[in-house]
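Data block below; observations after.
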Amino acid sequence: MAKEKKNQEPIPEEVPAQAGEAEEQVQDAAQETQAPAQETVQDDKGQLLAEAADKYLRLAAEYDNYRKRTAKEKESAWSEAKAQTVAAFLPVYDNLERALKQPTADEAYKKGVEMTMKGLCDVLTGLGVEMIPALGESFDPNRHNAVMHCDDEEAGESTIVEVFQQGFLCGDRVIRFSMVKVAN
């Protein structure tokens with residue numbers, strides 16, 4: 001009986017064709033709705049990628065600035081410590097300079113003081129400390145401290161004629177100003 005019913009009711013060929021068309025229409029509609037969704041997902045991914053790249057560049061720049069700032073602070077701390085140490089030894093330099101100016105009959109004593117002064121000057125030079133040139137130079141308020149003034153026809157305008165205390169530089173930084181007497 002089942003065979004007879006099958007034979008009696010033939011399946012029309014149009015039905016599968018209509019079902020296939022319906023599936024294609026559903027797929028087309030799905031693709032149309034998915035296309036904008038895929039574009040939105042692509043835009044979101046691009047935006048996230050751009051934000052991540054921006055964050056990375058900012059972080060790299062911040063790190064570079066941090067590295068430069070700490071290097072500069074380290075150099076500044078070293079320069080400051082060196083300047084303070086040298087400033088602490090300058091009274092010793094002054095005393096040795098005064099001892100060299102005093103007349104003495106003991107040549108061994110004089111030679112010992114000269115050697116000590118030379119040793120101190122070598123250490124200061126090794127640290128990058130320089131004496132500020134003063135005698136015969138033009139007065140510079142950024143390097144010299146004028147404590148006396150005199151009129152001297154032989155000396156030029158604002159010329160240093162006497163140095164009372166030697167000044168010192170460490171790089172561009174003045175550790176101690178030269179104490180001088182200025183003419184005219």
Side-chain angles (χ1 to χ4, degrees), residues 45-184:
K45 286 182 182 177
Q47 186 178 4
L48 288 174
L49 183 61
E51 288 175 5
D54 184 54
K55 285 181 183 178
Y56 171 75
L57 289 175
R58 289 179 186 274
L59 182 63
E62 285 179 20
Y63 176 71
D64 191 43
N65 289 340
Y66 167 76
R67 187 177 47 80
K68 289 177 183 177
R69 185 177 62 246
T70 55
K72 193 178 201 180
E73 288 172 356
K74 185 178 178 182
E75 179 63 31
S76 175
W78 167 248
S79 296
E80 183 65 29
K82 185 167 50 169
Q84 288 178 355
T85 303
V86 169
F89 280 99
L90 291 182
V92 175
Y93 176 88
D94 295 336
N95 289 335
L96 289 172
E97 193 174 46
R98 284 188 209 103
L100 286 173
K101 289 179 182 177
Q102 294 300 318
T104 181
D106 190 358
E107 288 300 316
Y109 172 78
K110 184 176 181 180
K111 183 169 175 121
V113 173
E114 288 172 354
M115 289 173 53
T116 305
M117 180 64 134
K118 184 183 179 322
L120 181 60
C121 289
D122 290 344
V123 168
L124 293 176
T125 302
L127 290 172
V129 177
E130 302 171 7
M131 291 184 195
I132 297 174
L135 191 60
E137 298 285 322
S138 179
F139 177 74
D140 180 5
N142 296 321
R143 295 178 173 216
H144 305 117
N145 181 15
V147 293
M148 289 184 74
H149 176 76
C150 71
D151 292 327
D152 189 354
E153 298 297 324
E154 296 176 10
E157 185 71 24
S158 297
T159 302
I160 297 171
V161 292
E162 189 175 349
V163 178
F164 298 115
Q165 192 176 48
Q166 184 64 49
F168 292 91
L169 289 171
C170 186
D172 291 338
R173 181 179 175 175
V174 176
I175 296 174
R176 182 172 79 180
F177 291 89
S178 294
M179 195 178 305
V180 296
K181 180 181 194 180
V182 181
N184 303 325

When every non-hydrogen atom of A87 is compared with those of P91, the smallest separation belongs to O-CD, 3.5 Å

Does S76 use its side chain to pair, donor to acceptor, with the backbone of E73 at less than 3.5 Å?
-> no

At what distance, to the nearest 0.5 angstrom, does CG of L90 lie from CG of L120?
-> 8.0 Å

Hey, does M131 have a side-chain heavy atom less than 4.5 Å from the side chain of Y93?
-> yes

Counting N and O atoms only, with roles assigned by atom type, does the side chain of K82 sit under 3.5 Å from a partner on the main chain of L127, one being a donor and the other an acceptor?
-> yes

Taking the side chain from N184 and the backbone from A155, do they hold a donor-acceptor pair closer than 3.5 Å?
-> yes

Nearest-0.5 Å distance, NZ of residue K181 to OG1 of residue T159 = 13.5 Å

Using a 4.5 Å cut-off on heavy atoms from C-beta on, say whether the side chain of K72 contacts that of K68.
-> no

CZ of F164: more than 12 outside heavy atoms within 6.0 angstrom?
-> yes

Spacing of CD belonging to E97 relative to SG belonging to C121, to within rounding of 0.5 Å | 8.5 Å

Over 12 non-hydrogen atoms of neighbours within 6.0 angstrom of CD in E51 = yes

What are the two closest non-hydrogen atoms of H149 and D151, and how far apart are they?
-> NE2-OD1, 3.8 Å

State, to 0.1 Å, how close A134 and V180 come at their nearest heavy-atom pair, and which atoms those are.
-> CB-CG1, 4.1 Å

Rounded to the nearest 0.5 angstrom, the CG-CD distance for D94 and Q166 is 9.0 Å

Minimum side-chain heavy-atom gap M117-L100 below 4.5 Å | yes

Check: S178 main-chain N/O paired with N145 side-chain donor or acceptor under 3.5 Å = no

Any salt bridge between D106 and K110, counting N to O under 4.0 Å?
-> no

Sub-3.5 Å donor-acceptor pair from the side chain of H144 to the main-chain atoms of I160, do we have one?
-> no

Give, for atom CD1 of I175 and atom CG of L124, the distance between the pair rounded to the nearest 0.5 Å.
-> 8.0 Å

Please assess L169 against V129 for the test side chain to side chain contact (heavy atoms under 4.5 Å, CB included), listing each intermediate value before the final yes or no.
-> CA-CA 6 Å; L169 289 171; V129 177; over 6 Å; no

With sequence neighbours left out, the residues meeting salt bridge (charged side-chain N to carboxylate O under 4.0 Å, His left out) with E80 are R173

Interatomic distance, F168 atom CZ to R143 atom CZ [nearest 0.5 angstrom] | 13.5 Å

Candidate pair C150 and V161, rule side chain to side chain contact (heavy atoms under 4.5 Å, CB included), full reasoning | CA-CA 9 Å; C150 71; V161 292; 3.9 Å; yes

Is there a side-chain contact between V174 and I132 (heavy atoms, below 4.5 Å)?
-> yes

Evaluate whether atom CZ of R67 has more than 12 neighbouring non-hydrogen atoms of other residues, nucleotides or ligands under 6.0 angstrom away.
-> yes

